[in-house]
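In what follows, a structure is listed as structure tokens, so that the remarks can point back to it.
Remember, it's a predicted structure, so these values are computed and weren't measured experimentally.
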Amino acid sequence: MSAVSDRLPAFPWDKLEPYKKTAAAHPDGIVDLSVGTPVDPVPGHIQKALIAAADSPGYPTVWGTPELRDALTRWVEHRLGAREMTHRHVLPVVGSKELVAWLPTQLGLGPGDQVAFPRLAYPTYEVGARLARAEHVAYDDPTELDPSRLKLLWLNSPSNPTGRVLAKEELTRIVAWAREHGVLVLSDECYIELGWEADPVSVLHPDVNGGSYDGIVAVHSLSKRSNLAGYRAAFLAGDPAVLGPLLQIRKHGGMMTPAPTQAAVVAALGDDEHVRVQRERYAARRTALRDALLAHGFRIEHSEASLYLWATRDESCWDTVAHLADRGILVAPGDFYGPAGDRFIRVALTATDERVRAAAARLTA
């Protein structure tokens, strides 16, 4: 066991504990803006679908019910502009973090292979490479990488942590380069429904992929759009030549989305209204926090989409974390997402309206 754990970096969130204690001592309590975990209720019709499927004594299938696969294919066509999707083009997974962490291993990558991800990125991309004993490399422009040993290229648009959105032209260029060099593209698009100052585009869109899914897979989650982080509901869509073998591997590993969750996903993907309502909540919180941070002397970069504001006071991120903790506000230091973030903080929009108002008041007092 130690041999596996020794491959992994220290769990970064443990470093925040002293600052969390400081923030929690504020007379009006902590405002925790450090983790992007939903706080709003699961929409009622989704809860009802879960309850209706609660009597599920048998094992679910890894591939999911036909109703689930129908819902997945309909949604990627309706929402992302994908064309001619079949059941072979989709695969449910048990939350997207599980997929990110174990995908390099499931693809058979190992020593000598490379996994690439953005310079500022979700830490689990690196964890996945380490678990597989593959090499990891961070990039600013993936087309400047040496493709000779590159097997897996992670894209993330909208980005966690920066909220940056890759333009359609940039995605098209990267996909063409990856195909030219035989590099598999995995596009993490979990925040695609949360564009504020940009309209994110999927790699599944024909304007990006030329009408072919060869060598591309998109990752999607219902955690943010439908407040289903606790349900562990996510899926892949794209190249059947990649998803088919993954399905077989995941069958052997018993990686099954619970049957009640599958039913809840069908209900969630069949309704756009709850997504609109949740977007409005986040938009209002984003405006309040953005205005308060700017008034407090912060500069905000990117942040045109996703659930975060990428902010700086042009000082060490840990000095900023301490400064805000003294005001009862907990945020994530930018260096959690790579050394390039060492002068930034990530501020999540996932707090209640009351807590967001409290944070804004403290910042503008």
For the backbone of T257 and the side chain of Q262, can you confirm whether one donor and one acceptor N or O come within less than 3.5 Å of each other? yes
Closer than 3.5 angstrom, by distance alone: can the side chain of S306 be matched with the main-chain N or O of P158 as a donor-acceptor pair?
no
Heavy-atom nearest pair, S221 first then S223, reads OG-N, 3.0 Å
Please check if the side chain of R133 supplies one atom and the backbone of R130 the other of a donor-acceptor pair under 3.5 Å.
no
Quick test of your reading of the model: are E193 and R79 salt-bridged, counting only N-O distances below 4.0 Å?
yes
Original post:
Are side-chain N/O atoms of D70 and H87 paired as donor and acceptor at under 3.5 Å?
Top reply: yes
To the nearest 0.5 Å, atom CG of L247 lies from atom CG of L236 at 10.5 Å
Salt-bridge contact R285-D353 (side-chain N to carboxylate O under 4.0 Å) = yes
State whether a side-chain donor-acceptor pair under 3.5 Å links T143 with R173. yes
- prompt: Does any N or O in the side chain of R355 come within less than 3.5 Å of the main-chain N or O of T350, such that one atom is a donor and the other an acceptor?
  reply: no
Do the ring planes of F336 and W13 sit parallel (below 30°), tilted (30 to 60°) or perpendicular (above 60°)?
perpendicular
A237 and V76 have their tightest heavy-atom pair at CB-CG1, 4.1 Å
Can you confirm whether S148 sits close enough to D146 that some side-chain heavy atom of one is under 4.5 Å from a side-chain heavy atom of the other? yes
* Among the clusters formed by ILVMFWY side chains lying less than 4.5 Å apart, do M255 and L222 turn up in the same one? -> no
Practice task
Decide yes or no for Y139 and L150: does some side-chain heavy atom of the first lie under 4.5 Å from some side-chain heavy atom of the second?
Solution key: no
Q. So, does R7 use its side chain to make a donor-acceptor pair with the main chain of L131 at under 3.5 Å?
A. yes
- Query: Among the clusters formed by ILVMFWY side chains lying less than 4.5 Å apart, do V242 and V115 turn up in the same one?
  - Reply: yes
Residues passing the side chain to side chain donor-acceptor pair (under 3.5 Å) test with N209, sequence neighbours excluded, are none
Heavy-atom closest pair (A340 atom, L120 atom, distance to 0.1 Å) is C-CD2, 3.8 Å
Open item on the list: Strictly distance-based, threshold 3.5 Å: is any side-chain N or O of D113 a donor or acceptor partner for the main-chain N or O of G110?
Closed with: yes
Quiz item: Can you check whether T352 reaches V356 side chain to side chain, under 4.5 Å on heavy atoms?
Solution: no
Tested for ring pair (Phe, Tyr, Trp, His ring centres under 6.0 Å) against Y308, the lone hit among Y337, W196, Y191 is Y191
Side chains of P92 and L68, heavy atoms from C-beta outward: is any pair under 4.5 Å?
yes
Side chain proximity check, L155 to I174, heavy atoms < 4.5 angstrom: yes
Fill in: is_close_aromatic(Y122, W154), centroid dist under 6.0 Å
no
Q. Quick check: does any side chain N or O of D239 sit under 3.5 Å from a backbone N or O of V217, one acting as donor and the other as acceptor?
A. no
Q.
Can you confirm whether the side chains of H220 and D188 place a donor and an acceptor under 3.5 Å from each other?
A. no
* To do: Measure the shortest side-chain to side-chain distance between L16 and K20 over non-hydrogen atoms and say whether it is less than 4.5 angstrom.
  => no
Q. Counting only N and O atoms by type, is there a donor-acceptor contact under 3.5 Å from the side chain of S56 to the main-chain atoms of A53?
A. yes
Smallest heavy-atom separation, Y282 atom then L194 atom, equals CD1-CD2, 4.1 Å
Interatomic distance, CZ@F235 vs CG@L99, rounded to 0.5 Å, equals 11.5 Å
### Message
The test is side chain to side chain contact (heavy atoms under 4.5 Å, CB included); show your working for L145 and V137 and say whether it passes.
### Response
CA-CA 9 Å; L145 296 170; V137 57; 4.0 Å; yes
### Query
Any cation-pi pair here, R346 with W310, using under 6.0 Å and within 45°?
no
**Prompt:** Sub-3.5 Å donor-acceptor pair from the side chain of R149 to the main-chain atoms of E135, do we have one?
**Reply:** no
| query | Taking everything shown except W102 itself, do over 12 heavy atoms lie less than 6.0 Å from its CH2? | reply | no
Ignoring hydrogens and angles, state whether a donor on the side chain of T320 or E315 is under 3.5 Å from an acceptor on the partner side chain. yes
Exercise. Hey, does I46 have a side-chain heavy atom less than 4.5 Å from the side chain of P43?
Worked result: yes
Note: L186 and L103 closest approach over all heavy atoms is CG-CD2, 3.5 Å
OG1 (T61) and CZ (R250) are apart, to the nearest 0.5 Å, by 12.0 Å
| query | Mind checking whether Y213 and H89 have parallel, tilted or perpendicular rings, split at 30° and 60°? | reply | perpendicular
query = Between E197 and R286, is there a salt bridge with N-O shorter than 4.0 Å?
reply = yes
### Message
So that I can tick it off, tell me whether D214 and R179 are bridged by a salt bridge, with the cut-off set at under 4.0 angstrom between side-chain N and carboxylate O.
### Response
no
* Donor-acceptor pair, S303 side chain versus E301 backbone, under 3.5 Å? -> yes
Shortest non-hydrogen pair, Y231 vs A264, comes out as CE2-CB, 3.7 Å
What I want to find out is whether D28 reaches R362 closely enough, with some N-O distance under 4.0 Å, to be called a salt bridge.
yes
- Task: Tell me, yes or no, whether the heavy-atom count around R281 atom CZ, taken from other residues, nucleotides or ligands under 6.0 Å, exceeds 12.
- Result: yes
Inset, instruction - Would you indicate whether the side-chain heavy atoms of D314 and R343 approach each other to under 4.5 Å? - result: yes
When rounded to the nearest 0.5 Å, the distance separating CD1 of I216 from CG of L184 is 10.0 Å
**Item:** Salt bridge R164-E170, side-chain N to carboxylate O under 4.0 Å
**Value:** yes
CG (L80) and CD (E189) are apart, to the nearest 0.5 Å, by 6.5 Å
| message | Could you check whether E67 pairs with R69 (Lys NZ or Arg NE/NH1/NH2 to Asp/Glu carboxylate O, under 4.0 Å)? | response | no
Where do Q278 and S226 land on the side-chain hydrogen bond (donor to acceptor under 3.5 Å, both in side chains) test, with the steps shown first? CA-CA 8 Å; Q278 189 61 45; S226 300; over 6 Å; no
>> Taking the ring centre of each residue, are W318 and Y19 less than 6.0 Å apart?
In response: yes
Check: Thinking salt bridges, do R276 and E273 make one under a 4.0 Å N-O criterion?
Finding: yes
When rounded to the nearest 0.5 Å, the distance separating CG of L289 from CZ of R357 is 11.5 Å
**Prompt:** Step by step, would you call H274 with N227 a side-chain hydrogen bond (donor to acceptor under 3.5 Å, both in side chains)?
**Reply:** CA-CA 10 Å; H274 78 279; N227 299 333; over 6 Å; no
